[in-house]
Amino acid sequence: MTNKPNTNGRLIAIGDIHGHAMALRALIKAIQPSADDVIVTLGDYVNRGPDSKGVVECLIELQDRCNLVPILGNHDEMLLDARKDRYAYDRFLVSGGRETVASYGKQKLDGIPKSHWAFLESCRDYYETASFIFTHANFCSYTPLPLQLSSVLRWTGIDEMDICKHRTGKVAIVGHSVGKRIRDYGTCICIDTGCGFGGQLTAYDPTNKRQWQVSENGWRTDQSTSR
């Protein structure tokens with residue numbers, strides 16, 4: 001997986017996708033990523049929506065168009081854990097996993113190809129640039145990034161902890177906590193706008209605060225149509 005320095009291109013984050021491949025493809029069409037762009041996907045690629053398989057396929061294809069940095073979400077973690085035992089599998093199913101399994105045309109996880117497992121296994125806990133931190137859900141303000149707990153990074157919403165600046169002073173870009181719009185708290189910006197819950201899928205450039213949004217069925221909902 002590529003991770004070249006973002007010297008000439010844009011830095012764009014994409015919020016929680018939750019199995020909505022139509023929305024993801026429409027958003028990518030709107031963004032028109034180039035080889036110099038760094039696209040950070042914040043996780044929750046699977047569950048709830050009708051086409052988790054299509055989402056993972058789209059992300060694998062996207063690696064050839066830009067510098068893709070995929071973050072692992074809690075639903076993606078549940079899918080990986082579902083291979084371990086019956087209890088993890090049952091938890092995955094009741095969390096929207098039935099739709100994920102169905103999208104692969106099988107009754108169990110054996111319909112998921114090795115390339116898709118490899119993609120999920122390659123996802124990161126976080127991504128850091130000179131000015132920003134990207135995680136799926138949250139961060140502990142006083143803990144160095146390599147020592148952050150997965151329970152915080154993937155499972156703790158921004159409404160469950162005080163929103164503080166990280167010790168590095170960098171602004172955090174997160175998802176996981178559903179809202180009707182992008183929420184900017186100064187030191188933390190949440191871009192989960194409800195895809196998978198009848199809302200929108202959002203892409204956000206934190207450098208210039210540019211945003212792109214589409215509905216779950218792929219209609220553009222943001223006001224600007226320029227690149």
A.B. asks: Is the closest side-chain donor-acceptor distance between Thr143 and Gln148 under 3.5 Å?
C.D. replies: no

A.B. asks: Please list, chain by chain and in numerical order, all residues satisfying salt bridge (Lys or Arg N to Asp or Glu O under 4.0 Å) with Glu160, sequence neighbours excluded.
C.D. replies: none

A.B. asks: Clusters formed by hydrophobic residues whose side-chain heavy atoms approach within less than 4.5 Å: which one holds Leu149, and what are its other members?
C.D. replies: Val152, Met161

A.B. asks: Side chains of Thr221 and Ser215 only: does a donor on one sit below 3.5 Å from an acceptor on the other?
C.D. replies: no

A.B. asks: Please output the side-chain donor-acceptor pairs of residues 167-174 that fall under 3.5 Å, not counting sequence neighbours, one pair per line with the distance.
C.D. replies:
from   : atom 1 : to     : atom 2 : distance (Å)
Arg167 : NH1    : Tyr142 : O      : 3.3
Thr168 : OG1    : His166 : ND1    : 3.1
Thr168 : OG1    : Lys170 : N      : 3.3
Lys170 : NZ     : Glu128 : OE2    : 2.7
Lys170 : NZ     : Thr129 : O      : 2.7

A.B. asks: Less than 4.0 Å between a side-chain N and a carboxylate O, is that true for Arg25 and Glu216?
C.D. replies: no

A.B. asks: When clusters are formed from ILVMFWY side-chain contacts under 4.5 Å, directly or step by step, what else is grouped with Leu153?
C.D. replies: none

A.B. asks: Are any of the side-chain heavy atoms of Ile14 and Val40 separated by less than 4.5 Å?
C.D. replies: no

A.B. asks: Between Ser177 and Asp192, is any side-chain donor less than 3.5 angstrom from a side-chain acceptor?
C.D. replies: no

A.B. asks: Taking only residues two or more places apart in sequence or in another chain, which ones pass ring pair (Phe, Tyr, Trp, His ring centres under 6.0 Å) with Tyr104?
C.D. replies: His116

A.B. asks: So that I can tick it off, tell me whether Asp222 and Arg220 are bridged by a salt bridge, with the cut-off set at under 4.0 angstrom between side-chain N and carboxylate O.
C.D. replies: yes

A.B. asks: Apart from Phe197 itself, what residues make up its hydrophobic cluster, given side-chain heavy atom links below 4.5 Å?
C.D. replies: Val178

A.B. asks: Would you say that Thr202 contacts Ile182 through its side chain, given a criterion of any heavy-atom pair below 4.5 Å between the two side chains?
C.D. replies: yes

A.B. asks: Would Tyr204 and Arg210 count as a side-chain contact (heavy atoms from CB on, under 4.5 Å) here? Give the steps.
C.D. replies: CA-CA 6 Å; Tyr204 180 75; Arg210 171 72 194 278; over 6 Å; no

A.B. asks: Which pairs pass ring pair (Phe, Tyr, Trp, His ring centres under 6.0 Å) with one or both residues in residues 167-191, sequence neighbours excluded?
C.D. replies: His136-His176

A.B. asks: Return the set of residues passing salt bridge (Lys or Arg N to Asp or Glu O under 4.0 Å) with Glu77 (not counting sequence neighbours), or none when no residue passes.
C.D. replies: Arg154

A.B. asks: Suppose we screen for salt bridge (Lys or Arg N to Asp or Glu O under 4.0 Å). Which residues come up paired with Lys209, at least two apart in sequence or across chains?
C.D. replies: Asp184

A.B. asks: Asp205: what forms a salt bridge (Lys or Arg N to Asp or Glu O under 4.0 Å) with it, not counting sequence neighbours?
C.D. replies: none

A.B. asks: When Ile, Leu, Val, Met, Phe, Trp and Tyr are grouped by side-chain heavy atoms lying under 4.5 Å apart, directly or through other members, which residues fall in the same group as Met22?
C.D. replies: none

A.B. asks: Name all residues meeting the ring pair (Phe, Tyr, Trp, His ring centres under 6.0 Å) criterion together with His75; count only those two or more places apart in sequence or in a different chain, and write none if there are none.
C.D. replies: His18

